[in-house]
Amino acid sequence: MKKIIIEPFKIKSVEPISINTEKERQKIIKDADYNLFLVNSRDVIIDLLTDSGTGAMSSEQWAGIMRGDESYAGSNSFQRFNESVKDIFGFQYVIPTHQGRAAEKILFEVICKKGDIIPSNAHFDTTRANIEFQEAIAKDLIPDRFKDTQSEHPFKGDMDIGKLKNLIDKHLNKIPIIMMTITNNTGGGQPVSMSNIREVSRIAKEHNIPLYIDACRFAENAYFIKQREDGYSDKPIEDIVAEIFSYADGCTMSAKKDGISNIGGFLCTNDEELSNRKKDLLILTEGFPTYGGLAGRDLEAIAIGLREAMDIDYLNYRITSTSYLGRKIHDYGIPILMPPGGHAIYIDAGLFLPHISKEQFPGQALACALYLKGGIRSSEIGSLMFGRNASHELVRLAIPRRTYTQSHIDYVIEIIKEVYDQRENIKGLKIIKEPKFLRHFSAKLTIIE
Ligand code: F0G
């Protein structure tokens with residue numbers, strides 16, 4: 001028998017959860033027009049809306065917060081942040097930003113022009129939006145066979161090498177950089193293999209195209225490589241991380257994920273000229289290059305959090321607890337995107353609610369049902385978010401880092417099973433009011449009776 005993998009931490013400070021009733025939640029969700037972004041967090045029992053900025057900081061990080069040096073220029077906290085990032089990722093120039101998308105904005109403003117094409121295994125929405133803001137094209141190159149949510153493969157985040165080569169053959173002069181997102185968030189938190197990163201890097205070098213990594217969940221990706229790829233089981237996570245980034249020319253990072261911090265991000269590069277142009281833009285929007293829109297204390301929390309995210313006991317617990325949730329509901333017959341990802345479980349709401357058509361938002365209907373039954377907040381990644389471009393109707397259960405215990409997860413499993421048993425009673429939704437852009441954040445919906 002394998003020993004239970006326990007949470008490798010003790011709890012020093014707690015935040016109460018208020019437990020409301022199903023009857024109260026009926027009113028709350030109706031008042032929020034069936035949009036969970038409009039529900040107040042005090043009305044949520046388990047919040048799985050995102051794993052971004054929602055992790056619990058360690059006592060070391062809180063100690064770092066007290067050490068924060070708030071000098072405008074050249075602060076000691078920046079020195080510690082700079083050393084930590086350089087040591088882990090190995091790039092020459094490090095530019096702090098207030099979060100991931102600010103790093104993306106600066107990167108694409110500097111390297112991208114109208115009509116350019118930026119290939120990736122799968123761009124995250126903010127990356128795509130920042131590319132499209134430059135009137136360039138964001139291209140996802142996931143192999144078609146990985147689009148089946150039920151197929152199992154250890155590295156479903158890999159880029160399709162054939163598709164990349166075709167794109168380069170046709171449009172070499174329009175490709176200023178290649179991106180790789182580790183792990184692939186929009187496609188289920190699936191990891192990218194080292195061999196795929198190495199091959200993409202080789203092709204990029206052959207054509208003189210820089211390779212940048214969206215590093216948000218770099219430690220989780222490294223753990224999957226250690227677990228699943230030949231030749232890595234004995235390597236320390238730190239060495240695997242160093243190898244991944246040795247193949248790249250730079251990276252963007254949201255420290256709200258594997259930096260286990262509540263805010264922050266950064267941009268790294270080896271290109272001095274680019275770094276200087278990026279810093280000029282940084283001063284315009286984010287702040288002086290030694291704080292980049294963050295407080296000194298935030299830089300301390302990130303410097304420490306990045307290292308803690310690579311701790312093997314932490315990663316063991318982190319990945320095991322996510323897959324525990326996935327496997328338990330999958331064994332019950334509930335369709336999830338397989339295999340379980342690193343930071344989240346994605347329920348296939350199209351398969352869960354076959355009686356609700358795409359036009360009636362099965363993902364949103366399921367997310368509302370989970371809230372009603374158990375006060376669980378999740379997010380729809382489907383037709384409400386992407387309109388007609390949605391390839392799947394998914395509901396993401398994103399797990400905040402070090403925040404919930406196994407009994408919280410067991411509660412989530414129990415609620416999902418109950419909702420599954422009563423799935424025929426769930427009704428579709430229709431939009432009554434929607435904004436022009438990013439409608440999922442503020443659209444108002446109602447139940448179709
Ligand atoms: N890249 C990826 C892969 C992400 O998942 C995110 C954010 C970003 C970039 C942008 O970072 O939020 O710091 O500006 N993902 C969050 C989520 C919002 O819920 O998945 P940010």
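Position 1 is the first residue of the sequence, and the numbers go up from there. Atoms within each ligand, like the ligands themselves, are counted from 1 in listed order. Predicted, not measured: the structure shown is a model, and the values here were computed from it.
- Ligand 1 places these atoms under 4.0 Å from at least one heavy atom of K256: 13 (O).
- Ranking the protein heavy atoms by distance from atom 21 (P) of ligand 1 puts Q99 NE2, 3.3 Å first.
- For ligand 1, the atoms sitting less than 4.0 Å from at least one non-hydrogen atom of T50 are 17 (C), 19 (O), numbered in the order shown with element in parentheses.
- Not one N or O on the side chain of N276 forms a donor-acceptor pair closer than 3.5 Å with the backbone of E273.
- By the 4.0 Å N-to-carboxylate-O rule, R307 lies close enough to D87 to be salt-bridged with it.
- With respect to atom 5 (O) of ligand 1, the closest heavy atom belonging to the protein is N185 ND2, 2.8 Å.
- Where the criterion is an N or O separation shorter than 3.5 Å, residue side chain and backbone included, R217 meets it with respect to ligand 1.
- R101 NH2, 2.8 Å is the protein heavy atom nearest to atom 12 (O) of ligand 1.
- Taking a 6.0 Å sphere around NZ of K205, one finds it holds more than 12 heavy atoms contributed by other residues, nucleotides or ligands.
- In this structure, the protein non-hydrogen atom closest to atom 9 (C) of ligand 1 is E104 OE2, 3.1 Å.
- Residue-level proximity to ligand 1 for H98 is absent, since no heavy atom of it falls below 4.0 angstrom.
- Residue contact check: T181 has heavy atoms under 4.0 Å from atoms 3 (C) of ligand 1.
- Classification of the F218-F245 ring pair by plane angle, with boundaries at 30° and 60°, yields perpendicular.
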Problem set entry | Check against ring-ring contact (aromatic ring centres under 6.0 Å, His included), Y291 and Y72 | CA-CA 7 Å; Y291 73 86; Y72 189 93; 5.1 Å; yes
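- The nearest protein atom to atom 8 (C) of ligand 1, hydrogens excluded, is given as F124 CD2, 3.4 Å; this is a heavy-atom distance.
- Note on R327 versus E152: salt bridge recorded, some NZ/NE/NH1/NH2 to OD/OE distance being below 4.0 Å.
- When the shell of 6.0 Å around NZ of K147 is examined, it contains more than 12 heavy atoms from other residues, nucleotides or ligands.
- The contact set between ligand 1 and R396, taken as ligand atoms under 4.0 Å from a residue heavy atom, comprises 17 (C), 19 (O), 20 (O).
- Remark: ligand 1 and T183 share no N or O pair separated by less than 3.5 Å (distance only, no angle test).
- Using a cut-off of 4.0 Å between Lys/Arg side-chain N and Asp/Glu carboxylate O, D271 and K278 are scored as not salt-bridged.
- Side-chain contact annotation: Y324 with D410, donor-acceptor N/O pair under 3.5 Å present.
- Aromatic ring centroids of F9 and Y317 lie under 6.0 Å apart.
- Summary of contacts: the protein heavy atom closest to atom 11 (O) of ligand 1 is K257 NZ, 3.2 Å.
- Contact between H343 and ligand 1 is absent, with no heavy atom of the residue lying under 4.0 Å from the ligand.
- In terms of protein heavy atoms, atom 1 (N) of ligand 1 is closest to D214 OD2, 2.7 Å.
- In the vicinity of G100, heavy-atom distances shorter than 4.0 Å reach the ligand 1 atoms 11 (O), 13 (O), 14 (O), 21 (P).
- Aromatic pair F266/F89: ring centres closer than 6.0 Å.
- For ligand 1, the polar-atom distance check finds an N/O of S254 within less than 3.5 Å of one of the ligand's N/O atoms.
- For C216, the heavy-atom gap to ligand 1 drops under 4.0 angstrom.
- In this structure, the protein non-hydrogen atom closest to atom 10 (C) of ligand 1 is T126 OG1, 3.4 Å.
- Residue E70 places its CD atom among more than 12 non-hydrogen atoms of other residues, nucleotides or ligands, all under 6.0 Å distant.
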